[in-house]
Each structure stands twice: as C-alpha cells, then as structure tokens.
Amino acid sequence: MRLNGEIQPEEEERKVTDSFNSQTYSIGIGFPHSQSHDLVVGYALTSKKKKSFLQPKLLCLARNKGIFFVAIDLNRPLSDQGPFDVVLHKLSGKDWCANIENYRQKNPEVTVLDPPYAIEHLHNRQSMLQDVADLNLSDCHGKVGVPRQLVITKDPSSIPCEVNKAGLKLPLVAKPLVVDGSAKSHELFLAYDQFSLAELEPPLVLQEFVNHGGILFKVYIVGEIIKVVRRFSLPNVSKRELEKVAGVFRFPRVSSAAASADDADLEPSVAEHPPQPLLENLARELRLRLGLRLFNIDMIREHGTRDVFYVIDINYFPGYGKMPDYEHIFTDFLLSLVQSKHKKRPAA
Ligand SMILES: Nc1ncnc2c1ncn2[C@@H]1O[C@H](COP(=O)(O)OP(=O)(O)OP(=O)(O)O)[C@@H](O)[C@H]1O
Ligand SMILES: O=P(O)(O)O[C@H]1[C@H](OP(=O)(O)O)[C@@H](OP(=O)(O)O)[C@@H](O)[C@@H](O)[C@@H]1OP(=O)(O)O
Ligand SMILES: [Mg+2]
Ligand SMILES: [Mg+2]
C-alpha cells in the first residue's frame, strides 16, 4: 500500500545519499504488520529537519510497525489532506500557527504535536525558563534552577547601568531574546565586562555564566521517555581570566555539534549524569506546565558541586536524529499515542 504523499524509506535514502554525496547504505524494507489500523503521521517540517529526522532507519522501522509518514502539502488546505492520526510540525510563521491551531480545534481526534501556543512559549528566552524558575525544584536528589538573567529590550547604552542595578555577576552570556529558528537567534556572546555589552543589539537576554566544567547535559524528552546525552560546552572562566580580559566575544554553537562527549575521558564529578529521579521530576513537571511532549532541556552542573543544576535552554522538537536509539523511541511513542486514545474511548 502506498498512501498519497507517503515518503518511502528508499526515496528518503536516495535523497539523503544524493544530498550528502556519501556512501549508500542499504536498508531492508519490510512490510507493515497486519494491524487493524495503520498509523498515519502527517508532517510539516523544514527541509533541514526532514533530513535530520526522517532518516531511512526511522522510516523503515516505522513501516514495519505500521506507521506511515506523509508530507503535508503547504499549498493546499489542511482540511483536504489526511486523514491523519498524528500531525508532527516544526515550521515558523504566524500563518502556519493559525492554520494548525484552526485544524487542531476542528479535528480533536488528531494528535497535533504540539499545540502552537505551547511551542510559542519557547520562542522567547525569558518565558521558556519561567516554568523552571517557578518550579523551584529542590528535593533530596538535588536542586534545579535557572541562572539569574535580565531582559534588555531597548537602548543598549543603558545596559551597564541595568546590569549594575540588577547586581548580575560577570561574565554574562548575551542571547537574542527571540528564538525563531534562524541562525541569528543562535548568535551568542560572552561578555567579560558590562560596558562592552552596549555594542550588542537588543532585544537580548543577559544571563549569568555558570562554570560547569565544560560539559552540558542534553535531556531529550519524547512523551514520557527521557534520554540524556553529554555534550561539550564552554570551559570554565577563572577569576584571573575575568580580571585580565575585557570585551564581548561571539562563540560558536559548541554544544549543538553532533560530536557527543559521551565517550570522552572526563573527570567523574563533571561527567556524572544528573540523578534520574531529579530528571524524572523535572521532565514530568515541565511536560505538564509547558503542555509539550517533544522538547529537550540543556542542563549544566555548577562546577564544584555534586547536585546543583541549572537549566539554560529549552528547545522544541530538537535534533532527535542525534539521540541514540531515536527510531525505536519515536516509533514506540507514536504507537503509544494511539493506544492511549483507544483506552480513553468509552466502550460502545
Ligand atoms: N548561563 C550559561 N552558563 C554557562 N554556559 C552557558 C550558559 N548559557 C549558554 N551557555 C553555553 O552556550 C551554549 C548555547 O547556549 P543556549 O543553549 O542557550 O543557546 P541556543 O542557541 O538556544 O542553543 P541550541 O542550539 O541548544 O538551541 C550552551 O549549550 C552552553 O554551552
Ligand atoms: O540542528 P539540529 O537538527 O540537530 O537541531 C537543533 C534545532 O535545529 P532544527 O530544528 O532546525 O533541526 C534547533 O532548533 P531551532 O532552535 O533552531 O528552531 C534547536 O532545537 C537545537 O537545540 C537543536 O539541536 P540539539 O539541541 O538537538 O543538539
Ligand atoms: Mg541550547
Ligand atoms: Mg536553544
């Protein structure tokens, strides 16, 4: 069976191979299990996301489990397409948000991952961390907070004074306030003195830099599943360095690199993952409060402590393609959505 618009593993394989001009790897294409109802997942994703997420290994496994991925045609009304059981989306723009929200309300039987108003909450670096700050999570397994931060919306010349008034400690990480998927919204700076910050362009968030031994934990959430990976991050800034250096310095997307720090030879006190019960608490609370099922959390451990953690970033529908075992985790998650829907349905 081929659904209208369904992406085939072999098609995706060809595309991936063509675009990277790399070695072709062969994938066995199985037949869907005979199930009373296959699961149709409509997707609306950027081409970058399609490439990283819809990998042949995901499409193959999905097909074997009776899950079919179908591209949503953005030039046709959503109501004319499908029917879908699930809609996966990550696209920017007000039109798309209005469109998908309207579809969601008219089709309550379709699971839209996730509601656009909930995703919107993560598009601002102040609102994205508000729920973590409100949580004030501190239990016997550790403490999770957010670094102190200040929002600057206008007049960069007022920054030095605002930073003093707020009593923020240097160095500071300057981040664009709005995260809209553009490269610019990931342009970050490290500021060693408050005067140089006047060079930057608001709207910005100025966040205290927390020494964390150069290692960051990416906590991926897929529904109820949590998967943690280690990534390289910025090194500690010593007092001596802070006294000697002045200025603002742009730094690269160090922790987004596919190279994982999982196999690196690290100091155990830096490398040790955050305690599982703490992560479970945090993930459960954020899932509920944010109303999202697909996101990741960037977490760091304050250097020299065992159990003081900070959340510095939350991302919607992150790069799951880099998460080990993502194809199994994701297909199981999609199937669980339908199973829980059937359970909820009252007996006829
Ligand atoms: N407050 C902080 N203290 C220490 N390091 C930080 C802090 N904020 C950011 N960093 C470092 O800068 C990196 C990028 O910051 P952040 O994750 O906020 O940006 P982003 O552009 O949203 O990244 P992503 O690619 O994860 O979306 C972090 O992964 C971490 O290495
Ligand atoms: O670049 P990747 O695909 O790996 O995914 C990154 C993703 O980019 P994409 O959604 O365009 O793919 C980013 O989204 P935007 O903020 O730019 O919207 C953000 O979520 C990063 O945190 C992800 O990296 P990860 O946190 O998983 O390392
Ligand atoms: Mg980040
Ligand atoms: Mg981010």
Side-chain angles (χ1 to χ4, degrees), residues 46 48-49 52 90 92 119-133 144-151 163 166 168-192 197 200 203-221 227-238 241-242 248-261 264 266 270 274 286 290 292 294-305 308-323:
T46 57
K48 174 173 174 259
K49 200 59 160 185
S52 70
K90 186 170 179 182
S92 49
I119 299 172
E120 193 59 36
H121 202 65
L122 299 188
H123 287 166
N124 175 301
R125 294 193 192 266
Q126 185 179 38
S127 59
M128 76 160 62
L129 297 184
Q130 195 53 54
D131 290 290
V132 184
V144 184
V146 298
R148 290 199 307 152
Q149 62 179 38
L150 175 68
V151 176
V163 167
L168 289 191
K169 280 212 307 271
L170 293 159
L172 296 173
V173 187
K175 312 183 182 187
L177 178 62
V178 177
V179 192
D180 56 8
S182 64
K184 187 122 181 93
S185 66
H186 294 290
E187 259 182 28
L188 271 57
F189 296 83
L190 190 60
Y192 286 79
L197 282 164
L200 300 179
L204 288 170
V205 166
L206 303 179
Q207 193 176 80
E208 283 188 348
F209 178 86
V210 178
N211 278 342
H212 55 281
I215 288 293
L216 168 129
F217 302 99
K218 285 252 169 208
V219 184
Y220 285 94
I221 316 275
K227 192 106 186 171
V228 188
V229 298
R230 268 191 295 263
R231 295 270 177 84
F232 291 110
S233 178
L234 295 180
N236 290 347
V237 176
S238 66
E241 188 184 343
L242 190 58
V248 286
F249 302 93
R250 186 162 159 208
F251 63 88
R253 290 184 76 179
V254 53
S255 64
S256 183
S260 129
L266 302 166
V270 168
L286 286 184
L290 296 170
L292 294 171
L294 302 178
F295 58 102
N296 75 2
I297 306 166
D298 287 353
M299 234 172 130
I300 53 179
R301 172 191 282 115
E302 185 166 13
H303 195 63
T305 76
V308 180
F309 296 93
Y310 289 90
V311 172
I312 53 169
D313 184 27
I314 308 181
N315 302 293
Y316 182 63
F317 203 147
Y320 286 117
K322 290 183 283 186
M323 179 175 94

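In listed order, ligands and their atoms are each counted from 1. The structure displayed is predicted, hence computed values, not measured ones.
Put simply, the side chain of Leu292 does not reach to within 4.5 Å of the side chain of His121, judged on heavy atoms. The closest side-chain heavy-atom distance from Asn315 to Lys218 is below 4.5 Å. Using a 4.5 Å cut-off on side-chain heavy atoms (C-beta onward), Ser185 and Val178 make no contact. Between Val179 and Arg125 the shortest side-chain heavy-atom distance falls below 4.5 Å.
Interface of Lys218 with ligand 1, defined as ligand atoms under 4.0 Å from a residue heavy atom, comprises 26 (O). The distance from ligand 1 to the heavy atoms of His212 drops below 4.0 Å at these ligand atoms: 4 (C), 5 (N). Annotation for ligand 1: atoms under 4.0 Å from non-hydrogen atoms of Ser233 are 30 (C), 31 (O). Numbered from 1 in the order shown, with element, the atoms of ligand 1 that lie under 4.0 Å from a heavy atom of Leu234 read 31 (O). Listed by atom number, the atoms of ligand 1 under 4.0 Å from Lys175 heavy atoms are 8 (N), 9 (C), 16 (P), 18 (O). Close approach of ligand 1 to Arg125 is summarised as follows: ligand atoms under 4.0 Å from at least one heavy atom of the residue are 18 (O), 19 (O), 20 (P), 21 (O), 22 (O). In summary, the atoms of ligand 1 found under 4.0 Å from a heavy atom of Pro147, numbered by their order in the structure, are 1 (N). Heavy-atom contacts of Asp298 reach the following atoms of ligand 1: 17 (O), 26 (O) (cutoff under 4.0 Å).
Below 30°, between 30° and 60°, or above 60°: for Tyr320 and Tyr220 the angle between ring planes is between 30° and 60°, a tilted geometry.
For the pair Ile300 and ligand 1, a heavy-atom separation below 4.0 Å is found. Residue contacts with ligand 1: Gln149 is excluded, as none of its non-hydrogen atoms falls under 4.0 Å.
With values rounded to the nearest 0.5 angstrom, Leu122 atom CG is found 14.0 Å from Phe317 atom CZ. Taken from CG in Leu290 to CG in Asp131, the straight-line distance is 5.0 Å, to the nearest 0.5 Å. Going from atom CG of Asp313 over to atom CG of Asn296 covers 7.5 Å, rounded to the nearest 0.5 Å. Separation of atoms CG (Leu172) and CD (Glu208) is listed at 7.0 Å; rounding is to 0.5 Å.
Not a single donor-acceptor pair under 3.5 Å links the side chain of Asp298 to the backbone N or O of Phe217. When atom types are taken as modelled, the side chain of Asn211 and the backbone of Val237 share a donor-acceptor pair closer than 3.5 angstrom. Judged by distance alone, the side chain of Lys90 and the main-chain N or O of Tyr316 form a donor-acceptor pair under 3.5 Å.
In this comparison of Gln207, His303, Glu187, the heavy atom closest to atom 2 (C) of ligand 1 sits on Gln207. With distances taken over non-hydrogen atoms, the option nearest atom 21 (O) of ligand 1 out of His186, Met299, Arg253 is His186.
Counting protein heavy atoms only, atom 12 (O) of ligand 1 is closest to Phe251 CE1, 3.3 Å. At the top of the distance list for atom 24 (P) of ligand 1, counting protein heavy atoms only, stands Asp313 OD2, 3.4 Å. Protein heavy atom at the shortest distance from atom 3 (N) of ligand 1 is Val210 N, 3.0 Å. Of the protein's non-hydrogen atoms, Leu188 CD2, 3.5 Å is the one closest to atom 14 (C) of ligand 1. Of the protein's heavy atoms, Asn315 OD1, 2.9 Å lies nearest to atom 27 (O) of ligand 1. The single protein non-hydrogen atom nearest to atom 6 (C) of ligand 1 is Ile312 CD1, 3.8 Å, given as residue, atom name and distance. In terms of protein heavy-atom proximity, atom 29 (O) of ligand 1 is closest to Ser255 OG, 2.6 Å.
The proximity of Arg231 to ligand 1, defined as any non-hydrogen pair under 4.0 Å, does not occur for either the backbone or the side chain. Residue contacts with ligand 1, taken as heavy atom pairs separated by less than 4.0 Å, do not involve Asn211 at all.
Checking each of Leu197, Leu170, Leu242 against Tyr192 for a side-chain contact (heavy atoms from CB on, under 4.5 Å) leaves exactly one that passes, namely Leu242.
Arg231 and Lys322 make their closest contact through NH2-CE, 3.9 Å (heavy atoms, listed as atom of the first residue, atom of the second, distance). Val132 and Gly145 get closest at one heavy-atom pair: CG1-O, 4.1 Å.
With waters neither drawn nor counted, the protein N/O/S atoms under 2.8 Å from the Mg ion (ligand 3) amount to 2.
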Query - Chi angles and distances behind the side-chain contact (heavy atoms from CB on, under 4.5 Å) call for Val205, Val151 - result: CA-CA 5 Å; Val205 166; Val151 176; 4.3 Å; yes
